[in-house]
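What follows is a short report on a single structure.
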Amino acid sequence: MDLSKLNPPQREAVLTTEGPLLVLAGAGSGKTRVITHRIVHLLDKRPGGLLARNILAVTFTNKAATEMKERLVHMAGPRAQNVLVCTFHAFGAEMLREDIYRLGWPKKFTIADQGDQAAIIKRAMRERRIDDRTFDPRKVLTLISKAKNAGKTPEPLGEGMGDDYDLIAHMVYEAYQLALKAQGSVDFDDLLILPSRLLREHEDLRHKYTQRFRYLLVDEFQDTNQAQIDLLTLLASGETRNVCVVGDDDQCIYSWRGAEVRNILSFDKYFAEAKEVRLEQNYRSTQVVLDAANAVIAKNPERKAKKMWSERKGGERIKVVSAPTEEEEARYVATEISRLVAGGIPADEIAVLYRVNGQSHPIEEMLREKGIRYEVVSGSEFFDRREVKDVIAYFKLIANPRDETALLRIINVPARGIGDVTMERLVAHARRDSVTLWGAMERAEGYEDLPKGAAEKVKDFLQLVERYRQSYETGKLAEVTRKLLEEIGYKDDAKSLITSQASADRKLKSIDQVINSLEAFEKREGPKASLLTYLNRLSLDTRQEEEEEVPGGHKAVTLMTLHASKGLEYRVVFFIGMEEELMPHKGMQGEAQNLEEERRLCYVGITRAKELLYLTRSVTRVKRGKEVPRTPSRFLEDIPPELVEVLDLDAPRKGPPTDQEKNFFASLKERFKAPGTSGGVAPGSKPAVGAPTTGGPAATGTTGGVR
DNA sequence: TAAAACCTCGTTTTT
DNA sequence: CGAGGTTTTA
């Protein structure tokens, strides 16, 4: 392998194979290269002794894992095939698949997703007479998850408890945990915590795993949580302590999900005498972009200061653009994009970044209007769709009859005459007789408070599920599913429930997509494909099957949140909504905003740009039907003025107003006509009269010349 | 049990 | 303003 293409610190990171090592890899510093080279170097170094299967590389997402594995195999050939590259959660799930029975769970466990978790919490709250409308179960879940990750077990009430939510979390924690176990499920936190317990409590397993994984590597270490570092510490508790973690504290943007910057800031607390390597040369951006990013992040107090530098001296100045309205901001972005594309920048080298998903809408509208292809990288909304969740609940129940959450979800979907009253009574029986809900349903006929009609319907349902459990054992997953959905009339039901034609089509389509994904899974996995393995994969990896590529291979502009942009790079980046309350985002009511994290988020956004960066904002914004004035982001002030070219689109313009603008004036008049309404503009702000100007090429000035 | 009115609430999100 | 869920009513 050729190490000469690496710079000195990179080479050191690759060659320091023994003992704990912290690699501080600034944005664009060639982190991925270092990791892959390091692994290949390990394989080269000890051809006889070290096997690929002795290496474990942990990544943040499945996507990253797949890509890394591909790169490894590409570089090192088939011998890299046995390097285990996966996420912490996937690793944990794998451990549990073999040994969870030692902790008292059934071998065929299912993984509870957020919806399942929330449902369990909700039930636990109700049992304790806590109103789940006054108190949001998901907030309770967040607290319980934090407690779990911090290693806290359910315990009696201590003194000096915090607010109501802390109290509720405390009251519900144990019930939640028991319910989860009783229904043979684990949550995402358990995928980390239970493996740690296995290693701690079972000498033989600790021996097995520490013997096998002699070299550990963790990517995106800044976003690991307590449970993950616990697991890592245990895996590294054998004779070898070859733990290499790679990350950038300045890019920790998931602390709201439990990530601990502390993990990277005090790595040496966990692994004494850890070596530290800093990668500070940036291969991505121009010095101008980098200087701006450095200036913004420098204000964070607690960090491992890095001085990022680039060989790409100078560069196009950063365009700081203010538009009169959100629409104009979007129009400007769309116009600039079409200009850049016309000037030869491929569309897929351009990204629009924003803090919250909702910000994409105006941009999408304008891009459509101008006929620019775009792609929105959206979260997991596919699996949030009701139909998809329903179908998956059927799978879960069939794979694991104890799964009460799944059972309650679909017992009456489509309606089969088993209502809440019946189920409430069955749940009561189940609790009293200490059996699962499924068990109680099997006894339905014996319960006096159940009308015979109800008991009959329950029995029919049980038989249906049993029958399909058999079918799934032998038949093709996708085929059996089609038959199942046909038999229960799910599609007809979905159709009749829907108001509009379009949304009905969408629903049917997403059901088909589930079947397609099932089919693809079956094809990939071959004979070992089962409902349970499918479900496990699905819970851990919510990526959709890659959609059919457009034949022409037309390139599209990417729209996504800052969070989704981590690790990616584009020649041109539009960072929109550079306003207070949006960037930095205003925290949830009550909860203080985490300014340091917002700053890191801003840093991540800026450092995505290779050549050209636009920071745009709007002077007014329509919020809940009302126009409100906006303050420029404080982060803009941190960027040295000499790096910036300011552009104000609120300048006089020539030409008649467009229809849209006429409408704007009309609505403005409307607003002033209506007296007494609180509508209109906040005191002290200038109404945006005369505001509409087009951000056409004429107004944009000197932006040309991106190579 | 199922459609119609009603009300509430607006982060980030992968595992 | 609009999506989503919940309560109300038939």
Side-chain angles (χ1 to χ4, degrees), chain A residues 58-65 86-93 111-114 117-118 122 132-134 136-139 142 145 149 186-193 220 223-225 227-228 231 252-259 326 353-359 361 377-381 383-386 412-422 453-454 457 493 496-499 503 536-543 560-567 577 581-591 593-594 597-598 600-602 604-605 621-627 667 679:
Chain A
V58 181
T59 57
F60 187 59
T61 63
N62 287 294
K63 183 162 166 264
C86 62
T87 64
F88 268 115
H89 294 268
F91 177 78
I111 299 170
D113 62 28
Q114 269 142 325
Q117 297 182 64
K122 210 164 162 178
D132 56 78
R133 245 161 297 138
T134 331
D136 182 356
R138 282 169 321 182
K139 272 192 194 159
T142 309
S145 173
N149 273 313
V186 299
D187 64 17
F188 282 111
D189 300 317
D190 289 330
L191 290 176
L192 308 169
I193 294 164
E220 305 282 11
D223 286 317
T224 54
N225 63 22
Q228 286 165 330
L231 182 54
C252 170
I253 56 175
Y254 283 96
S255 67
W256 52 274
R257 219 174 66 194
E326 203 175 2
L353 307 183
Y354 37 81
R355 178 65 230 267
V356 300
N357 281 123
Q359 288 173 267
H361 293 138
V377 179
S378 56
S380 51
E381 42 118 302
F383 292 98
D384 287 341
R385 292 196 202 145
R386 168 176 282 166
N412 208 26
V413 178
R416 50 174 70 86
I418 305 176
D420 291 343
V421 181
T422 304
K457 284 170 190 157
D493 186 67
S496 67
L497 273 170
I498 292 315
T499 43
S503 64
N536 278 336
R537 215 236 39 197
L538 202 63
S539 318
L540 294 171
D541 185 1
T542 49
R543 281 179 298 166
M560 64 188 150
T561 62
L562 293 164
H563 284 91
S565 76
K566 192 176 72 170
E581 305 204 326
L582 213 47
M583 184 75 253
H585 196 278
K586 169 189 170 172
M588 290 261 275
Q589 83 284 0
E591 304 302 315
Q593 60 181 167
N594 183 347
E597 180 131 328
E598 295 298 317
R600 291 193 291 263
L601 220 28
C602 184
V604 167
R621 203 168 277 271
V622 177
K623 261 176 132 186
R624 280 177 249 170
K626 278 177 198 159
E627 187 172 274
S667 65

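Atom set for the values below is all heavy atoms of this structure, side chains included, hydrogens, waters and symmetry mates excluded. From a predicted model like this one, the values you see are computed outputs, not experimental measurements.
Residues passing the side-chain hydrogen bond (donor to acceptor under 3.5 Å, both in side chains) test with A:Arg257, sequence neighbours excluded: none. The side chain to side chain contact (heavy atoms under 4.5 Å, CB included) check on A:Ala64 picks up A:Thr59, A:Thr61, with sequence neighbours excluded. For A:Lys457, the side chain to side chain contact (heavy atoms under 4.5 Å, CB included) criterion is met by A:Ile418, not counting sequence neighbours. Residues meeting the side-chain hydrogen bond (donor to acceptor under 3.5 Å, both in side chains) test with A:Asp113, sequence neighbours left out: none. Remark: A:Asp187 engages A:Lys148, A:Tyr176 in a side-chain hydrogen bond (donor to acceptor under 3.5 Å, both in side chains) (not counting sequence neighbours). Remark: A:Asn412 pairs with no residue by the side-chain hydrogen bond (donor to acceptor under 3.5 Å, both in side chains) rule, at least two apart or across chains. By the salt bridge (charged side-chain N to carboxylate O under 4.0 Å, His left out) test, A:Glu220 pairs with A:Lys31, A:Lys566, sequence neighbours left out.
Residue A:Leu582 is out of contact with every strand shown, counting any heavy-atom pair closer than 4.0 Å. A:Phe88 comes within 4.0 angstrom of no nucleic acid atom, judged by non-hydrogen atoms across all strands.
An OP1 or OP2 oxygen of B:dT13 is reached within less than 4.0 angstrom by a side-chain nitrogen or oxygen of A:Thr561. Distances shown here put every side-chain N or O of A:Asn357 at or beyond 4.0 Å from the OP1 or OP2 atom of B:dT11. Side-chain nitrogen and oxygen atoms of A:Asn62 include none within less than 4.0 Å of the OP1 or OP2 phosphate oxygen of B:dT14.
With both ends at atom C1', the span from C:dT6 to B:dT11 equals 24 Å, rounded to whole Å. B:dT14 and C:dA3 have their P atoms separated by 23 Å, with the value rounded to a whole Å.
Taking only distance into account, the side chain of A:Arg257 meets the base of B:dT14 through a donor-acceptor pair shorter than 3.5 Å. For a distance-only test at 3.5 Å, the side chain of A:Arg355 fails to qualify as a donor-acceptor partner of the base of B:dT11. On a pure distance criterion of 3.5 Å, a polar donor-acceptor pair joins the side chain of A:Gln114 and the base of B:dT14.
With hydrogens and angles disregarded, a donor-acceptor distance shorter than 3.5 Å links the side chain of A:Asn225 to the backbone of A:Gln228. Looking only at distances, a side-chain donor or acceptor of A:Glu598 sits under 3.5 Å from a matching main-chain atom of A:His585.
A salt bridge is defined here as a Lys NZ or Arg NE, NH1 or NH2 lying under 4.0 Å from an Asp or Glu carboxylate O, and A:Lys623 with A:Glu581 meets this definition.
As a whole-Å value, the separation of A:Glu220 CD from B:dT15 C1' is 14 Å. With rounding to whole Å, A:Asn536 atom CG is found 14 Å from B:dT15 atom P. Atom CG of A:Leu353 is separated from atom P of B:dT12 by 15 Å (rounded to the nearest Å). We find that CG of A:Asn149 is positioned 13 Å from C1' of B:dT14, with the value rounded to whole Å. A:Lys139 has its NZ atom 12 Å from the P atom of B:dT11, to the nearest Å. Between the CG atom of A:Leu540 and the P atom of B:dT14 there is a distance of 13 Å, given to the nearest Å. If you take CD1 of A:Ile193 and P of B:dT15, they are 18 Å apart, rounded to a whole angstrom. The CZ atom of A:Phe60 sits 8 Å away from the C1' atom of B:dT13 (whole-angstrom rounding).
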Along nucleotides 3-10 of chain C, 5' to 3', which nucleotides get a B, which get an S, and which get a -, given that the test is a protein heavy-atom distance under 4.0 Å? --SSS---
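Base-pairing analysis of DNA chain B finds the following stems of at least three consecutive Watson-Crick or G-U pairs, with both pairing distances under 3.5 Å: B:1-10 with C:1-10.
For A:Glu598, the side-chain atoms get nearest to B:dT11 when compared with the rest of B:dT11, B:dT13, B:dT15. Side chain of A:Tyr254, nearest nucleotide from B:dT13, B:dT1, B:dT15: B:dT13. Among the nucleotides B:dT11, B:dT15, B:dT1, the one closest to the side chain of A:Asn412 is B:dT1.
Between A:Leu191 and A:Val421, the residue anchored closer to the 5' end of DNA chain B is A:Val421, taking for each the nucleotide with the nearest heavy atom. Where A:Gly417 and A:Lys63 meet DNA chain B, the nucleotide closest to each residue was compared, and A:Gly417 sits on the side nearer the 5' end.
A:Ser255 is listed as a side-chain neighbour of A:Arg600, based on a closest heavy-atom distance under 4.5 Å.
Taking a centre distance below 5.5 Å and an interplanar angle below 30 degrees as the stacking criterion, A:Trp256 stacks against the six-membered base ring of B:dT12.
Applying the 90° criterion around 0 to the glycosidic angle, B:dT11 comes out syn.
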